[in-house]
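Encoded as structure tokens, the structure appears first; notes follow it.
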Amino acid sequence: MKNRAAYFGVFTALALILSYVEILIPISFGVPGVKLGLANLIIVIVLYKTDWKEALLLSVVRIVLAGFIFGNMFSILYSLAGGMLSLAVMAVLKKGGSFSVAGVSVAGGVSHNIGQLIVAMIVVETYQVGYYLPVLLIAGVLTGFVIGIISGEVLKRIQQIDLTPDRSRKEQTEK
């Protein structure tokens, strides 16, 4: 159990570092809120190395901490909406087993942008921000693909590390 806590701390720190690095990268896509999603690399890895509950906890912790450190309450709101929808979609697709890591990540990137767009429509009380949808879908596919490819490569290299919760290990040895 203490090893899992240590790994969780390391993954949280890595996600926060990647959130900060993303702020430093001077890339403008011309659409407000479009980012690379570097921290999602850690979320995808944790989703594949543990389970959706651990990934959910990490995602919420990372979003809240990054929001307080680097953003504001609105950034937390938008990120939570996108992050939770994204994680739900990725967890379902991963469990189905029909998609590669890159495919799961692409779906996560697209759904993250859709979640944020829904919140934007509610906050500004107009559907006109929906005109951003095509650009956000393209951005979600591209960034999701890049994050998915990198995640897949990292997962190959750390496959010997077992981070599954104790109950899952016990179930796996009983099979």
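Counting heavy atoms from C-beta outward, Trp52 and Lys95 have side chains that stay 4.5 Å or more apart. Proximity of Thr126 to Met121: side-chain heavy atoms (C-beta onward) are nowhere separated by under 4.5 Å. Between Glu153 and Ile158, the closest side-chain pair of non-hydrogen atoms is not below 4.5 Å. Counting heavy atoms from C-beta on, the side chains of His112 and Thr143 never come closer than 4.5 Å. In this structure, the side chains of Val44 and Val104 stay at 4.5 Å or more apart for every pair of heavy atoms. You'll find the side chain of Ile25 stays beyond 4.5 Å of the side chain of Lys35, heavy atoms only.
Nearest approach of Ser19 to Ala39, heavy atoms of both residues: OG-CB, 3.5 Å. Here the closest heavy-atom approach between residue Leu36 and residue Glu22 is recorded as N-OE2, 2.8 Å. The minimum heavy-atom distance linking Leu77 with Val123 is given by the pair CD2-CG2, 4.1 Å. Contact detail for Ala81 and Val119: the closest heavy-atom pair is CB-CG2, 3.1 Å. Smallest separation of non-hydrogen atoms from Gly108 and Ser111: O-OG, 3.1 Å.
Taking a cutoff of 4.0 Å between a charged side-chain nitrogen and a carboxylate oxygen, Glu54 and Arg4 qualify as a salt bridge.
Here CD1 of Ile23 is found 9.5 Å from CD1 of Ile69. Values are rounded to the nearest 0.5 Å. Taken to the nearest 0.5 Å, the CG atom of Leu14 stands 8.5 Å off from the CD1 atom of Ile45. One distance of note links OG1 of Thr12 with CG of Leu65; it measures 7.5 Å at 0.5 Å rounding. To the nearest 0.5 angstrom, Ile63 atom CD1 is 12.5 Å from Phe68 atom CZ. Atom CG of Asp51 and atom CG of Leu57 lie 10.5 Å apart (nearest 0.5 Å). Note that CZ of Phe11 is 10.0 Å distant from CD1 of Ile43, once rounded to the nearest 0.5 Å.
A cation-pi contact links Lys94 to Tyr48, judged by a cut-off of 6.0 Å to the six-membered ring centre and 45° from its axis.
Between the side chain of Asn72 and the backbone N or O of Ser75 there is at least one donor-acceptor pair closer than 3.5 Å. In this structure, Ser105 contributes its side chain and Phe145 its backbone to no donor-acceptor pair below 3.5 Å. No side-chain donor-acceptor contact under 3.5 Å links Asn113 to the backbone of Leu137. For the pair Ser151 (side chain) and Ile147 (backbone), a donor-acceptor distance under 3.5 Å is present.
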Evaluation steps, side-chain contact (heavy atoms from CB on, under 4.5 Å), between Leu18 and Ile42: CA-CA 9 Å; Leu18 290 175; Ile42 305 302; 3.8 Å; yes

Residues Leu93, Val89; criterion side-chain contact (heavy atoms from CB on, under 4.5 Å); working and verdict: CA-CA 6 Å; Leu93 294 180; Val89 168; 3.9 Å; yes

From CA spacing to verdict: side-chain contact (heavy atoms from CB on, under 4.5 Å), Gln116, Ser79: CA-CA 7 Å; Gln116 288 187 327; Ser79 293; 4.2 Å; yes

Residues Met90, Leu47; criterion side-chain contact (heavy atoms from CB on, under 4.5 Å); working and verdict: CA-CA 8 Å; Met90 290 191 302; Leu47 179 64; 3.7 Å; yes

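Val129 and Tyr131 fall into different hydrophobic clusters, where Ile, Leu, Val, Met, Phe, Trp and Tyr are joined by side-chain heavy atoms under 4.5 Å apart, directly or via other members. If you chain together hydrophobic residues whose side chains sit under 4.5 Å apart, Leu117 and Leu80 fall into the same group. Val124 and Met73 fall within a single hydrophobic cluster, where Ile, Leu, Val, Met, Phe, Trp and Tyr side chains are chained together by heavy-atom contacts under 4.5 Å. Residues Phe99 and Val92 do not share a hydrophobic cluster, defined by chaining ILVMFWY side chains whose heavy atoms lie under 4.5 Å apart.
Within 6.0 Å of atom CZ in Phe8, more than 12 heavy atoms from other residues, nucleotides or ligands are found, so the atom counts as buried in its surroundings. Other residues, nucleotides and ligands contribute over 12 non-hydrogen atoms within 6.0 Å of the CZ atom of Phe70.
Shown are Val141, Val135, Leu142, Leu136; of these, the side chain to side chain contact (heavy atoms under 4.5 Å, CB included) with Ile138 is made only by Leu142.
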